[in-house]
Every structure is written in C-alpha cells, then in structure tokens.
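Taking it in order: structure first as structure tokens, then the write-up.
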Amino acid sequence: MKIAITGATGQLGGLVIDALLERGADPAQLIAIGRSEKKLAPLAGKGLETRLADYNVQPDLVSALEGVDKLLLISSSEVGQRVAQHENIINAAKQVDVSLIAYTSIANAMTGGMELAEEHIATERLLAGSGIGYVLLRNGWYIENYTDQLMGYLNSGVILGAAGEGKISAAARADFAEAAAAVLLSDEEQNGKIYELGSDKPFTLNQLAGAVGAAAGQDVAYQEVDPEQLEKIYADAGVPGPFAHILVDTDVRIREGALEVSTCDLAKLIGRAPASLGKVIKDNLDK
C-alpha cells in the first residue's frame with residue numbers, strides 16, 4: 001500500500017511523515033512529493049521514496065503519483081492559485097488510478113462564510129466530481145498562527161483583533177498531522193468521511209492574551225479594533241492588501257463562530273486530548 005504526501009517538505013507535511021513513521025508505517029511504502037530535491041534529501045535519508053513535482057506542472061504530478069494507492073493532498077500555500085493547482089493534482093491522480101485522496105480543507109468550510117474557505121470549497125467540489133474516493137480533513141486554526149507572533153505580542157503587550165468573543169478551536173499543527181496519519185493508516189473505509197478537526201477547548205482572543213501573559217509572566221491584553229481600522233493597521237505594517245483583507249475577514253467570521261468546532265473528531269483520531277493552548281505557548285517560549 002503506497003501512501004504519497006504532497007507538500008512533504010512543508011511544515012505540516014514533515015509532521016505527517018513523522019507521525020506515519022511513529023505509528024509504524026513502513027518508510028519504503030511512503031512517497032514524499034516536493035519541489036526541492038535538497039529539501040527532500042533528509043526524507044530519503046529516513047528511507048522514504050522521494051519524487052520531484054510542482055503543483056503547477058501536471059505531467060510531473062502524473063509521474064509522481066504513479067503506483068500510489070492513497071494520497072494526502074496538503075492544500076497549497078499559494079492563496080489565489082489553489083484551485084488550479086489542486087485540480088492539476090486531482091486530474092493527475094485520476095490518470096494513475098489513485099484510490100483515495102485525503103484533503104486538508106478548513107473547519108466548517110461550507111458554513112463558516114470565510115473568504116479563506118472559498119478555494120477549499122471549490123477543491124471539495126472537484127473531489128466530489130472526480131470519481132476518486134476522498135476523505136476531508138477539515139483542519140481548524142493552527143495555534144502556531146498565534147505563537148508565531150509571540151514576540152510581537154510580548155513586545156507590544158497587546159493582541160489586536162476584530163473577533164469579539166468568538167471562540168477558536170485551534171490545535172497544534174502536530175496534532176492535525178497525527179490525525180492525518182491516523183486516517184491514512186486506518187483499516188476502516190474512509191471514502192466519503194468528513195472530519196471537522198479542532199481542539200475541544202476553544203478560546204477567545206482575550207483568553208489567548210491571558211494565556212500568553214501567564215506563560216511569559218507579563219501583562220498582555222486583547223484590544224478589539226474596528227475591522228476597517230484593523231485592515232489599515234495591517235496594511236501600514238506592510239501586509240499586502242488582499243492578505244490583510246483575508247486576515248480581517250477571518251476575525252469577523254470567528255466572531256460568528258466560523259472556527260469553533262463542536263465535534264471531538266481530532267481527539268478520537270489521535271487517541272488523546274489535543275495539546276493545550278498553554279502547553280503550545282510554553283513550548284514556543286522555551287525554544
């Protein structure tokens with residue numbers, strides 16, 4: 001049973017491979033697909049087969065997917081180009097008879113109303129019409145989306161946002177990776193399943209500020225900002241306009257519940273409680 005992972009050299013892809021190996025997967029049955037031979041080399045050193053391919057070049061994708069039974073399609077990081085890139089991969093998978101595609105979508109894709117979800121929805125529809133078996137891993141927000149900004153929070157003492165008291169069922173990237181590994185290695189039929197993945201302990205941005213302050217031993221406050229003003233703040237800080245708009249739209253949708261996950265799918269898949277917000281913050285501060 002050959003399992004391939006696209007975006008294998010990215011942050012999530014690397015963690016998925018680690019989780020697969022930790023769960024007993026035979027490295028010789030794993031295929032790591034990426035764009036950089038240099039970045040793929042360490043994975044070859046772990047015993048994996050590595051194949052070069054770019055999401056934009058379908059002929060290379062066809063070759064890369066030859067002989068693959070299950071494919072983890074990790075969504076492209078290039079917002080605005082995802083649909084075309086994902087379609088290339090899905091079409092390539094059809095040509096070589098891949099039996100199952102697991103796709104990393106976004107939590108509450110169909111109901112959350114987030115602009116960031118639009119390309120995920122389009123990809124889910126492509127999968128539904130592809131004739132290939134598929135399973136949706138609707139990942140919630142990564143806690144790392146916030147911990148990557150820890151120094152900024154601590155230097156300013158403020159977390160800015162427009163999310164109100166909206167709850168965010170964020171979890172550590174490693175936990176989402178472990179969930180993907182569990183699905184890929186499962187003996188149960190996965191075709192048609194949809195997993196809404198997130199922590200069972202959601203938090204608000206106000207609670208995030210409190211957790212950051214407690215872990216660092218200093219005061220950090222959440223400051224609610226009008227969406228239009230927040231978008232201007234991001235733009236003035238050098239964030240490209242379209243991305244600044246998506247960030248603010250996400251906050252507004254969080255206020256409406258777009259990133260609150262009510263299932264326990266993540267805990268069930270990984271067989272334990274997801275890492276807590278406090279632990280992930282502390283681990284990042286200790287680095």
Side-chain angles (χ1 to χ4, degrees), residues 1-21 23 25-78 81-105 119-120 122-139 176-177 179-195:
M1 176 72 70
K2 290 280 190 180
I3 298 174
I5 301 94
T6 67
T9 60
Q11 290 177 302
L12 181 62
L15 289 170
V16 171
I17 289 168
D18 288 344
L20 286 166
L21 296 174
R23 285 175 171 258
D26 179 358
Q29 297 299 309
L30 302 180
I31 299 170
I33 299 173
R35 292 182 293 185
S36 166
E37 192 168 352
K38 181 178 179 180
K39 290 181 179 179
L40 286 169
L43 298 176
K46 294 181 179 182
L48 280 71
E49 181 180 352
T50 60
R51 298 180 182 179
L52 281 172
D54 188 302
Y55 283 16
N56 295 301
V57 186
Q58 192 173 332
D60 290 351
L61 291 166
V62 173
S63 298
L65 295 178
E66 193 72 49
V68 169
D69 299 295
K70 295 181 180 180
L71 169 65
L72 176 63
L73 168 49
I74 294 179
S75 58
S76 166
S77 61
E78 298 177 86
Q81 300 180 50
R82 286 172 165 168
V83 179
Q85 292 175 336
H86 296 168
E87 187 171 20
N88 284 340
I89 297 167
I90 293 166
N91 287 339
K94 286 173 65 175
Q95 288 187 47
V96 294
D97 297 322
V98 170
S99 61
L100 182 75
I101 297 177
Y103 172 63
T104 60
S105 188
E119 290 176 299
H120 291 295
T123 301
E124 290 189 10
R125 288 174 174 158
L126 287 171
L127 286 166
S130 69
I132 302 173
Y134 68 95
V135 53
L136 301 178
L137 306 172
R138 287 182 175 162
N139 290 349
F176 289 119
V183 168
L184 291 168
L185 294 176
S186 176
D187 292 328
E188 296 179 11
E189 177 61 52
Q190 296 296 326
N191 182 24
K193 289 190 176 181
I194 299 175
Y195 295 99

Any Lys/Arg nitrogen of Arg51 or Glu66 sitting under 4.0 Å from an Asp/Glu carboxylate oxygen of the other? no
Separation of [Y] [atom2] from [X] [atom1] (nearest 0.5 Å):
X      : Y      : atom1 : atom2 : result
Gln81  : Tyr55  : CD    : OH    : 13.0 Å
Tyr134 : Thr123 : OH    : OG1   : 12.0 Å
Lys2   : Ser99  : NZ    : OG    : 14.0 Å
Asp69  : Asp97  : CG    : CG    : 10.5 Å
Ile89  : Asn56  : CD1   : CG    : 9.0 Å
Ile101 : Leu72  : CD1   : CG    : 10.0 Å

Quick one: are [X] and [Y] in side-chain contact, heavy atoms under 4.5 Å?
X      : Y      : value
Leu30  : Leu43  : no
Leu185 : Ile3   : yes
Lys94  : Ile132 : yes

Run through Ile5, Thr50, Leu65 and flag the one making a side chain to side chain contact (heavy atoms under 4.5 Å, CB included) with Ile33. Leu65
Should the heavy atoms of other residues, nucleotides or ligands under 6.0 Å from CZ of Arg35 be counted, would the total exceed 12? no
Mark yes when over 12 heavy atoms from residues, nucleotides or ligands other than Glu37 sit less than 6.0 Å from its CD; otherwise mark no. no
Would you say the side-chain atoms of Thr6 pair up with the backbone N or O of Ile74, donor to acceptor, closer than 3.5 Å?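 The answer is yes, because a donor-acceptor pair under 3.5 Å joins these two groups.
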Tell me, with the steps shown, if Leu52 and Leu40 meet side-chain contact (heavy atoms from CB on, under 4.5 Å). CA-CA 8 Å; Leu52 281 172; Leu40 286 169; 3.8 Å; yes
Ala177 and Ala19 have their tightest heavy-atom pair at O-CB, 4.1 Å
Please give me the minimum heavy-atom distance between Ser75 and Thr104, naming the atom from each residue. N-OG1, 2.9 Å
Give me each pair satisfying ring pair (Phe, Tyr, Trp, His ring centres under 6.0 Å) with a member in residues 85-105, each pair once, sequence neighbours excluded. His86-Tyr103, Tyr103-His120
Sequence neighbours left out, what passes side chain to side chain contact (heavy atoms under 4.5 Å, CB included) with Gln95? Give chain and number order. Gln58, Val62
My understanding is that only residues two or more places apart in sequence, or in another chain, count here; which of them pass side chain to side chain contact (heavy atoms under 4.5 Å, CB included) with Gln190?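 Checked Gln190 against side chain to side chain contact (heavy atoms under 4.5 Å, CB included); matches are Leu100, Val135, Val183, Ser186, Glu188, Lys193, Tyr195.
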CA sep, side-chain torsions, deciding dist, call: Asp54, Asn88, side-chain contact (heavy atoms from CB on, under 4.5 Å): CA-CA 10 Å; Asp54 188 302; Asn88 284 340; over 6 Å; no
